[in-house]
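One structure below.
Since the model is a prediction, treat every value here as computed from it, not as a measurement. This chain uses plain numbering: 1 for the first residue, then up along the sequence.
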Amino acid sequence: MTARRGGGPTMHDVGKLAQVSAMTVSRVLKNDPGVSEATRERVFAAVDRLGYRRNQTARSLRLGGSGMIGLVVTNLANPFYSRLALGVQEVATEYGFRMLLSNSAEQAEREPDLIDDLIDHSVEGLIVVPTGSRQQHLADAMRHVPVVLAARPPAGLDTDCVLVEDFHGAREATAGLLAEGHTRIAFLGNPPALYTGAERLRGFWAAHEEAGIEPVHDLIRQGLVDAGTAERATRELLERDAQPTALFCTNNRISQGAIRALYKAETTLPVAGFDDFDLSDVLGIPLTVVSYDADEIGRQAARLLIDRVAQRDAEPPASRRVTVPTRVIRYGA
């Protein structure tokens, strides 16, 4: 067995060789009395064979903690958040933590209760995708545990966050449509109060300004929350006398709804949208996606949080902002 590229052997590598989970490896290394002697021997044999050394950050974590971190996302039905959660879980497992997952369903009133519940379950830190800009409850939570935000920035909080290049990705994708000669591009966006929606509209607008073209205000639709609302908005745009010649969508669910409306109308327009999605490469339509690694958002957030947990008894470092890059991919004709 070889270690993963770019580093030494991991807990996953040890667990695979010892035929146990990475969590069991962590329990053995913590001298958990609940692990059988036979399992302990297999794990230590794998450690010796691979030359595994526990990460320095993991060794520095204070003994006696719960070994749990909490993650709050806004919509588990969206594949983006599922991938983000997998990224968090990957790093959490590597450092011997378990992850507790909660879903706010984009309901701001639920988020404080979910966070309180996770703190009541003795999590050692929280990763939160906030539902909006009112974040006093997060400030309250930070008095108890470290908090890292993902996909959306802090509002009045001094804490770490991991973001996507929302503005740059939207500007680049829109610029591609403009370069093809489209001057009537519809904008199909999520609620403007959301950071991602506002930044992607800003990028859409900036691309028009740079091209010296005024966006068509009558073709801007915001407040779309799922594929159904996007489909209805697209159908309404297609029924206009002056139709759009291309569509820009701010997330994968909106893109899917728009594409379904085009299919039902038996028409084809170029579509550009944020987030890649399954089968986007085989639809056979002019499709541009702004792609990025959602797992990496979760991994980076987990690393920031675990670093905070490791340093909880020391002077906290200055808040950090990590940005995950985007790239534009073009499919179809």
Side-chain angles (χ1 to χ4, degrees), residues 71 73-91 99 101 103-106 127 129 150-152 162-166 168-170 172-174 176-177 185-191 194 196-197 199-200 203-204 221 224-235 237-238 246-302 324-333:
L71 171 63
V73 300
T74 57
N75 185 358
L76 271 178
N78 187 334
F80 165 76
Y81 294 112
S82 301
R83 299 306 315 181
L84 186 153
L86 289 172
V88 172
Q89 186 177 48
E90 176 186 333
V91 172
M99 181 187 75
L101 176 61
N103 177 40
S104 67
E106 290 285 11
I127 297 170
V129 180
R152 301 170 187 177
V162 182
L163 305 175
V164 175
E165 287 184 334
D166 295 290
H168 295 291
E172 184 179 357
T174 304
L177 293 175
I185 306 173
F187 178 91
L188 300 168
N190 41 2
L194 295 181
T196 52
E199 283 295 285
R200 293 169 190 181
F204 173 85
R221 299 291 183 272
L224 309 179
V225 297
D226 54 24
T229 54
E231 181 180 351
R232 289 190 291 274
T234 304
R235 185 170 61 244
L237 288 169
L238 295 175
L247 309 176
F248 177 85
C249 306
T250 58
N251 65 37
N252 51 7
R253 292 170 297 158
I254 293 175
S255 294
Q256 289 164 352
I259 291 168
R260 185 175 294 116
L262 292 172
Y263 175 78
K264 290 180 178 179
E266 298 183 343
T267 189
T268 299
L269 295 179
V271 176
F274 248 83
D275 309 334
D276 209 341
F277 55 90
D278 288 343
L279 302 180
S280 58
D281 57 332
V282 298
L283 290 174
I285 65 172
L287 176 64
T288 299
V289 296
V290 182
S291 182
Y292 53 90
D293 189 348
D295 293 53
E296 183 63 13
I297 299 172
R299 287 191 290 264
Q300 291 283 1
V324 173
T326 59
R327 63 190 182 102
V328 170
I329 303 173
R330 291 178 173 84
Y331 299 120

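The closest side-chain heavy-atom distance from F187 to T174 is not below 4.5 Å.
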Side-chain donor-acceptor pairs of residues 251-258 under 3.5 Å, sequence neighbours excluded:
{"unit_1": "N251", "atom_1": "OD1", "unit_2": "R253", "atom_2": "N", "d": "3.1"}
{"unit_1": "N251", "atom_1": "OD1", "unit_2": "I254", "atom_2": "N", "d": "2.9"}
{"unit_1": "N252", "atom_1": "ND2", "unit_2": "N78", "atom_2": "OD1", "d": "3.4"}
{"unit_1": "R253", "atom_1": "NH1", "unit_2": "V225", "atom_2": "O", "d": "3.0"}
{"unit_1": "S255", "atom_1": "OG", "unit_2": "N251", "atom_2": "O", "d": "3.2"}

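The CG atom of L262 sits 6.5 Å away from the CD1 atom of I285 when rounded to the nearest 0.5 Å. To the nearest 0.5 angstrom, R299 atom CZ is 10.0 Å from L86 atom CG. Distance check, rounded to the nearest 0.5 Å: CG of L224 to OG1 of T234 gives 7.5 Å. The line from CG of L101 to CG of L71 is 5.0 Å long, rounded to the nearest 0.5 Å. Atoms OG1 and CG, on T267 and L238 in that order, are 6.5 Å from each other to the nearest 0.5 Å. Separation of atoms CG (L287) and CG (L269) is listed at 12.5 Å; rounding is to 0.5 Å.
Judged by distance alone, the side chains of T250 and N190 do bring a donor and an acceptor atom under 3.5 Å apart. No side-chain N or O of Y81 forms a donor-acceptor pair with one of N103 less than 3.5 Å apart. For the residue pair Y331/D276, the side-chain donor-acceptor check at 3.5 Å is satisfied.
Pairing each heavy atom of S82 with each of L76, the nearest pair is OG-O, 3.4 Å. Listed here is the closest heavy atom pair of Y292 and R200: OH-NH2, 4.2 Å. Taking all atoms of both residues into account, the shortest heavy-atom contact from E165 to T326 is OE1-N, 3.3 Å. The two residues R152 and E106 have their closest heavy-atom pair at NH2-OE2, 2.8 Å. A pairwise comparison of heavy atoms in V129 and T74 identifies O-CG2, 3.3 Å as the closest pair. Here the closest heavy-atom approach between residue L163 and residue A151 is recorded as CD2-C, 3.7 Å.
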Inset, instruction - Check the pair V289, V328 against side-chain contact (heavy atoms from CB on, under 4.5 Å), reporting the backbone distance first and the verdict last. - result: CA-CA 6 Å; V289 296; V328 170; over 6 Å; no
Inset, instruction - Could you please spell out the steps behind the salt bridge (charged side-chain N to carboxylate O under 4.0 Å, His left out) verdict for E231 and R221? - result: CA-CA 12 Å; E231 181 180 351; R221 299 291 183 272; over 6 Å; no
Inset, instruction - Tell me, with the steps shown, if Y263 and T268 meet side-chain contact (heavy atoms from CB on, under 4.5 Å). - result: CA-CA 7 Å; Y263 175 78; T268 299; over 6 Å; no
Inset, instruction - Show your working on side-chain contact (heavy atoms from CB on, under 4.5 Å) between D293 and I297 and close with a plain yes or no. - result: CA-CA 7 Å; D293 189 348; I297 299 172; over 6 Å; no
Inset, instruction - Evaluate side-chain contact (heavy atoms from CB on, under 4.5 Å) for I329 paired with T288, printing each intermediate quantity in order. - result: CA-CA 6 Å; I329 303 173; T288 299; over 6 Å; no
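Note on R83 versus E90: no salt bridge recorded, every NZ/NE/NH1/NH2 to OD/OE distance being 4.0 Å or above.
Classified by interplanar angle (parallel below 30°, tilted 30° to 60°, perpendicular above 60°), the ring pair F248/F204 is tilted.
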